[in-house]
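Structure first, then comments.
Naming convention: chains lettered A, B, ... in sequence-line order (proteins, then strands); numbering from 1 in each chain. Hydrogens, waters and symmetry mates are skipped; everything else that's a heavy atom, side chains included, is used.
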Amino acid sequence: MAQQAQPHPGAVGTGGVTAPARTPARSSAWVGWIRFGAVMMVLLGAFNVIEGLVALFNDDYYVVGTEGLLVFDLTGWGWLHLIIGALAIAAGVGLFTGAAWARVTAVALCTINAVAQLAFLSAYPVWATVVIALDVVVIWAVVVHGDEVRRAR
Amino acid sequence: MSDSYTTDTRPQRVTGWTGWVSFGGIMLVLLGLFQAVEGLVAVFDEDYFLVPSTDLVVEVSYNVWGWVHFGLGVLAVVIGCGVLAGNRVAQFAGAVLAGASALIHLAFVPAYPVWSLIVITVDVLVIYALVAHGREMRLTD
(Lines give C-alpha, C1' and ligand atoms only; values in the text may rest on other atoms or scores of the structure.)
Protein backbone atom coordinates (compact mmCIF):
# COMPACT_ATOMS: atom_id res chain seq x y z
CA MET A 1 0.00 0.00 0.00
CA ALA A 2 2.96 2.28 0.51
CA GLN A 3 3.75 2.09 -3.19
CA GLN A 4 0.45 3.47 -4.41
CA ALA A 5 0.60 6.35 -1.92
CA GLN A 6 3.36 8.09 -3.87
CA PRO A 7 2.28 9.04 -7.37
CA HIS A 8 5.24 10.94 -8.78
CA PRO A 9 4.53 14.38 -10.27
CA GLY A 10 5.61 13.25 -13.72
CA ALA A 11 2.75 10.78 -14.02
CA VAL A 12 0.64 11.49 -17.11
CA GLY A 13 -2.54 10.28 -18.68
CA THR A 14 -4.81 10.15 -15.64
CA GLY A 15 -6.06 13.70 -16.08
CA GLY A 16 -7.75 15.79 -13.41
CA VAL A 17 -8.81 12.82 -11.30
CA THR A 18 -5.40 12.38 -9.68
CA ALA A 19 -5.31 15.64 -7.73
CA PRO A 20 -8.23 15.05 -5.34
CA ALA A 21 -7.46 11.36 -5.02
CA ARG A 22 -3.91 12.13 -3.96
CA THR A 23 -4.69 14.16 -0.84
CA PRO A 24 -6.02 11.38 1.42
CA ALA A 25 -3.32 9.00 0.31
CA ARG A 26 -0.57 11.34 1.50
CA SER A 27 -1.66 11.31 5.12
CA SER A 28 -2.06 7.56 5.30
CA ALA A 29 1.61 7.03 6.09
CA TRP A 30 1.05 8.54 9.54
CA VAL A 31 -2.45 7.29 10.28
CA GLY A 32 -0.95 4.18 11.81
CA TRP A 33 0.24 6.31 14.71
CA ILE A 34 -3.23 7.27 15.84
CA ARG A 35 -4.38 3.66 15.56
CA PHE A 36 -1.35 2.81 17.68
CA GLY A 37 -2.49 5.50 20.12
CA ALA A 38 -5.95 3.94 20.20
CA VAL A 39 -4.56 0.48 20.95
CA MET A 40 -2.26 1.93 23.62
CA MET A 41 -5.26 3.69 25.16
CA VAL A 42 -7.14 0.38 25.44
CA LEU A 43 -4.03 -1.27 26.92
CA LEU A 44 -3.64 1.58 29.38
CA GLY A 45 -7.28 1.23 30.39
CA ALA A 46 -6.74 -2.48 30.99
CA PHE A 47 -3.70 -1.72 33.17
CA ASN A 48 -5.79 0.73 35.16
CA VAL A 49 -8.59 -1.80 35.62
CA ILE A 50 -6.07 -4.35 36.92
CA GLU A 51 -4.60 -1.80 39.33
CA GLY A 52 -8.09 -0.98 40.53
CA LEU A 53 -9.13 -4.61 41.00
CA VAL A 54 -5.94 -5.39 42.90
CA ALA A 55 -6.53 -2.37 45.15
CA LEU A 56 -10.10 -3.51 45.86
CA PHE A 57 -9.62 -7.26 46.33
CA ASN A 58 -5.99 -7.87 47.21
CA ASP A 59 -4.78 -4.79 49.04
CA ASP A 60 -1.84 -6.59 50.68
CA TYR A 61 -0.29 -6.71 47.23
CA TYR A 62 0.76 -3.08 47.33
CA VAL A 63 3.99 -1.90 48.90
CA VAL A 64 2.37 0.59 51.28
CA GLY A 65 -0.80 0.60 53.33
CA THR A 66 -3.30 3.41 53.51
CA GLU A 67 -0.96 5.52 55.66
CA GLY A 68 1.50 5.74 52.74
CA LEU A 69 -1.10 6.94 50.25
CA LEU A 70 -2.16 10.46 49.38
CA VAL A 71 -5.74 11.75 49.54
CA PHE A 72 -7.75 8.47 49.44
CA ASP A 73 -7.46 5.05 51.07
CA LEU A 74 -6.82 1.95 48.98
CA THR A 75 -10.52 1.32 48.31
CA GLY A 76 -10.99 4.87 47.05
CA TRP A 77 -7.98 4.57 44.76
CA GLY A 78 -9.22 1.19 43.55
CA TRP A 79 -12.57 2.60 42.45
CA LEU A 80 -10.88 5.63 40.89
CA HIS A 81 -8.54 3.44 38.84
CA LEU A 82 -11.39 1.15 37.83
CA ILE A 83 -13.51 4.07 36.59
CA ILE A 84 -10.65 5.78 34.75
CA GLY A 85 -9.69 2.41 33.23
CA ALA A 86 -13.21 1.74 31.94
CA LEU A 87 -13.45 5.25 30.49
CA ALA A 88 -10.01 4.86 28.90
CA ILE A 89 -11.02 1.61 27.18
CA ALA A 90 -14.17 3.30 25.83
CA ALA A 91 -12.21 6.37 24.67
CA GLY A 92 -9.58 4.11 23.07
CA VAL A 93 -12.26 2.35 21.03
CA GLY A 94 -13.64 5.78 20.10
CA LEU A 95 -10.18 6.87 18.93
CA PHE A 96 -10.34 4.35 16.08
CA THR A 97 -12.98 6.58 14.50
CA GLY A 98 -10.68 9.62 14.74
CA ALA A 99 -13.62 11.67 15.98
CA ALA A 100 -12.78 15.01 17.58
CA TRP A 101 -14.64 14.18 20.80
CA ALA A 102 -12.65 10.98 21.18
CA ARG A 103 -9.35 12.83 20.75
CA VAL A 104 -10.22 15.56 23.24
CA THR A 105 -11.51 12.96 25.72
CA ALA A 106 -8.39 10.85 25.28
CA VAL A 107 -6.00 13.74 25.97
CA ALA A 108 -8.01 14.95 28.99
CA LEU A 109 -8.35 11.45 30.40
CA CYS A 110 -4.64 10.69 29.96
CA THR A 111 -3.67 13.95 31.69
CA ILE A 112 -5.95 13.24 34.65
CA ASN A 113 -4.75 9.65 34.77
CA ALA A 114 -1.08 10.68 34.75
CA VAL A 115 -1.62 12.96 37.75
CA ALA A 116 -3.60 10.23 39.55
CA GLN A 117 -0.84 7.71 38.88
CA LEU A 118 1.78 10.15 40.18
CA ALA A 119 -0.15 10.48 43.42
CA PHE A 120 -0.62 6.69 43.62
CA LEU A 121 3.00 5.96 42.69
CA SER A 122 4.19 4.97 46.16
CA ALA A 123 1.81 1.98 46.15
CA TYR A 124 3.55 0.34 43.21
CA PRO A 125 6.21 2.57 41.60
CA VAL A 126 6.90 0.52 38.48
CA TRP A 127 3.24 0.03 37.53
CA ALA A 128 2.50 3.72 37.96
CA THR A 129 5.58 4.72 35.95
CA VAL A 130 4.60 2.37 33.11
CA VAL A 131 1.08 3.79 33.01
CA ILE A 132 2.37 7.40 33.04
CA ALA A 133 4.65 6.55 30.11
CA LEU A 134 1.67 5.10 28.22
CA ASP A 135 -0.34 8.24 29.00
CA VAL A 136 2.38 10.36 27.39
CA VAL A 137 2.57 8.04 24.37
CA VAL A 138 -1.20 8.31 23.83
CA ILE A 139 -1.15 12.11 24.18
CA TRP A 140 1.75 12.27 21.73
CA ALA A 141 0.06 10.08 19.14
CA VAL A 142 -3.27 11.88 19.43
CA VAL A 143 -1.92 15.44 19.42
CA VAL A 144 0.84 15.07 16.85
CA HIS A 145 -0.96 12.76 14.43
CA GLY A 146 -4.58 13.05 15.49
CA ASP A 147 -6.12 14.84 12.54
CA GLU A 148 -4.66 12.49 9.94
CA VAL A 149 -7.27 9.80 10.51
CA ARG A 150 -9.99 12.26 9.60
CA ARG A 151 -8.11 13.33 6.48
CA ALA A 152 -7.64 9.72 5.46
CA ARG A 153 -11.36 8.97 5.39
CA MET B 1 1.03 20.95 -12.74
CA SER B 2 4.06 20.17 -10.60
CA ASP B 3 4.20 23.84 -9.56
CA SER B 4 0.67 23.89 -8.21
CA TYR B 5 1.41 20.61 -6.46
CA THR B 6 4.28 22.10 -4.46
CA THR B 7 2.54 25.35 -3.54
CA ASP B 8 -0.44 23.32 -2.35
CA THR B 9 1.50 21.00 -0.13
CA ARG B 10 3.94 23.35 1.53
CA PRO B 11 1.62 24.86 4.16
CA GLN B 12 0.17 21.41 4.68
CA ARG B 13 3.57 20.02 5.55
CA VAL B 14 4.28 22.85 8.01
CA THR B 15 1.00 22.46 9.88
CA GLY B 16 1.64 18.75 10.00
CA TRP B 17 4.40 19.44 12.52
CA THR B 18 2.71 22.06 14.71
CA GLY B 19 1.25 19.07 16.52
CA TRP B 20 4.60 18.90 18.26
CA VAL B 21 4.15 22.39 19.65
CA SER B 22 0.69 21.54 20.93
CA PHE B 23 2.18 18.40 22.43
CA GLY B 24 4.78 20.60 24.16
CA GLY B 25 2.00 22.80 25.51
CA ILE B 26 0.06 19.84 26.90
CA MET B 27 3.22 18.38 28.42
CA LEU B 28 3.84 21.77 30.10
CA VAL B 29 0.35 21.60 31.61
CA LEU B 30 1.00 18.03 32.77
CA LEU B 31 4.37 19.08 34.19
CA GLY B 32 2.69 21.91 36.06
CA LEU B 33 0.11 19.54 37.54
CA PHE B 34 2.87 17.13 38.62
CA GLN B 35 4.78 19.94 40.30
CA ALA B 36 1.66 21.29 41.96
CA VAL B 37 1.01 17.84 43.46
CA GLU B 38 4.61 17.66 44.65
CA GLY B 39 4.36 21.13 46.13
CA LEU B 40 1.15 20.38 48.02
CA VAL B 41 2.64 17.16 49.40
CA ALA B 42 5.78 19.02 50.51
CA VAL B 43 3.77 21.70 52.28
CA PHE B 44 1.07 19.57 53.90
CA ASP B 45 2.49 16.04 54.23
CA GLU B 46 6.26 16.27 54.42
CA ASP B 47 6.61 12.90 56.15
CA TYR B 48 5.70 11.42 52.79
CA PHE B 49 9.22 12.03 51.52
CA LEU B 50 12.02 9.56 52.06
CA VAL B 51 14.55 11.85 53.75
CA PRO B 52 14.34 14.90 56.02
CA SER B 53 14.89 18.15 54.14
CA THR B 54 18.31 18.59 55.75
CA ASP B 55 19.57 15.68 53.61
CA LEU B 56 18.94 17.54 50.37
CA VAL B 57 21.65 19.43 48.50
CA VAL B 58 19.89 22.73 49.09
CA GLU B 59 19.02 22.74 52.77
CA VAL B 60 15.77 24.63 53.00
CA SER B 61 12.62 23.37 54.69
CA TYR B 62 10.04 21.33 52.78
CA ASN B 63 7.73 24.29 53.24
CA VAL B 64 9.97 26.39 50.98
CA TRP B 65 10.46 23.51 48.52
CA GLY B 66 6.72 23.04 48.43
CA TRP B 67 5.85 26.62 47.60
CA VAL B 68 8.59 26.80 44.96
CA HIS B 69 7.25 23.60 43.35
CA PHE B 70 3.68 24.82 43.57
CA GLY B 71 4.52 28.25 42.16
CA LEU B 72 6.49 26.77 39.26
CA GLY B 73 3.66 24.31 38.68
CA VAL B 74 1.01 27.01 38.39
CA LEU B 75 3.34 29.01 36.14
CA ALA B 76 3.88 25.95 33.92
CA VAL B 77 0.12 25.40 33.53
CA VAL B 78 -0.36 29.07 32.55
CA ILE B 79 2.56 29.03 30.11
CA GLY B 80 1.36 25.70 28.70
CA CYS B 81 -2.03 27.27 27.94
CA GLY B 82 -0.15 30.15 26.28
CA VAL B 83 1.79 27.70 24.10
CA LEU B 84 -1.47 25.97 23.12
CA ALA B 85 -2.85 29.39 22.15
CA GLY B 86 0.14 29.86 19.84
CA ASN B 87 2.00 32.52 21.83
CA ARG B 88 5.68 32.74 20.82
CA VAL B 89 6.90 34.25 24.07
CA ALA B 90 5.25 31.37 25.90
CA GLN B 91 7.28 28.89 23.82
CA PHE B 92 10.51 30.52 24.93
CA ALA B 93 9.36 30.89 28.54
CA GLY B 94 8.18 27.26 28.55
CA ALA B 95 11.57 25.95 27.47
CA VAL B 96 13.36 28.09 30.09
CA LEU B 97 10.94 26.98 32.81
CA ALA B 98 11.35 23.32 31.87
CA GLY B 99 15.13 23.73 32.13
CA ALA B 100 14.83 25.35 35.55
CA SER B 101 12.43 22.63 36.64
CA ALA B 102 14.92 19.93 35.59
CA LEU B 103 17.73 21.56 37.63
CA ILE B 104 15.50 21.94 40.68
CA HIS B 105 14.44 18.32 40.45
CA LEU B 106 18.02 17.15 40.20
CA ALA B 107 18.49 18.64 43.66
CA PHE B 108 15.17 17.13 44.77
CA VAL B 109 15.96 13.54 43.72
CA PRO B 110 16.72 12.15 47.23
CA ALA B 111 13.33 13.28 48.53
CA TYR B 112 11.38 11.20 46.01
CA PRO B 113 13.58 9.70 43.27
CA VAL B 114 10.86 8.32 40.95
CA TRP B 115 8.81 11.52 40.92
CA SER B 116 11.91 13.59 40.18
CA LEU B 117 12.97 11.30 37.33
CA ILE B 118 9.49 11.40 35.79
CA VAL B 119 9.37 15.19 36.02
CA ILE B 120 12.85 15.54 34.49
CA THR B 121 11.78 13.26 31.62
CA VAL B 122 8.73 15.43 30.98
CA ASP B 123 11.00 18.52 31.14
CA VAL B 124 13.14 17.07 28.36
CA LEU B 125 10.05 16.30 26.25
CA VAL B 126 8.84 19.89 26.69
CA ILE B 127 12.22 21.34 25.71
CA TYR B 128 12.49 19.10 22.66
CA ALA B 129 8.98 19.86 21.45
CA LEU B 130 9.35 23.63 21.88
CA VAL B 131 12.95 24.04 20.74
CA ALA B 132 12.99 21.61 17.82
CA HIS B 133 9.51 22.38 16.52
CA GLY B 134 8.62 25.80 17.94
CA ARG B 135 9.55 27.64 14.77
CA GLU B 136 7.00 25.73 12.73
CA MET B 137 4.06 27.31 14.53
CA ARG B 138 5.45 30.68 13.44
CA LEU B 139 5.49 29.72 9.77
CA THR B 140 1.74 29.17 9.80
CA ASP B 141 0.91 32.65 11.13
Side chain, backbone, both or neither of A:Val107 within contact of chain B (heavy atoms, under 4.5 Å):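 Contact with chain B involves the side chain of A:Val107 alone.
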Proximity breakdown for A:Ile132 and chain B, heavy-atom pairs closer than 4.5 Å: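 When you check distances to chain B, only side chain atoms of A:Ile132 fall under 4.5 Å.
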Rounded distance [0.5 Å steps], CG in B:Leu130 versus CZ in B:Arg88: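 It is 14.5 Å, given to the nearest 0.5 Å.
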State yes or no: are the ring centers of [X] and [Y] separated by less than 6.0 Å?
X: B:Phe49; Y: B:Phe108; result: yes
X: B:Trp115; Y: B:Phe34; result: no
X: A:His81; Y: A:Phe120; result: yes

ILVMFWY network linking A:Trp127 to A:Trp77, side-chain heavy atoms under 4.5 angstrom: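 Linked within one cluster.
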Greatest number of heavy atom pairs closer than 4.5 Å to chain B - which of A:Val136, A:Asp135, A:Leu118: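 The candidate making the most pairs under 4.5 Å is A:Leu118.
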Under 4.5 Å from any heavy atom of chain A - which part of B:Val122: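 B:Val122 has no heavy atom closer than 4.5 Å to chain A.
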Contact class of B:Leu125 relative to chain A, heavy atoms under 4.5 angstrom: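 Only the side chain of B:Leu125 comes within 4.5 Å of chain A.
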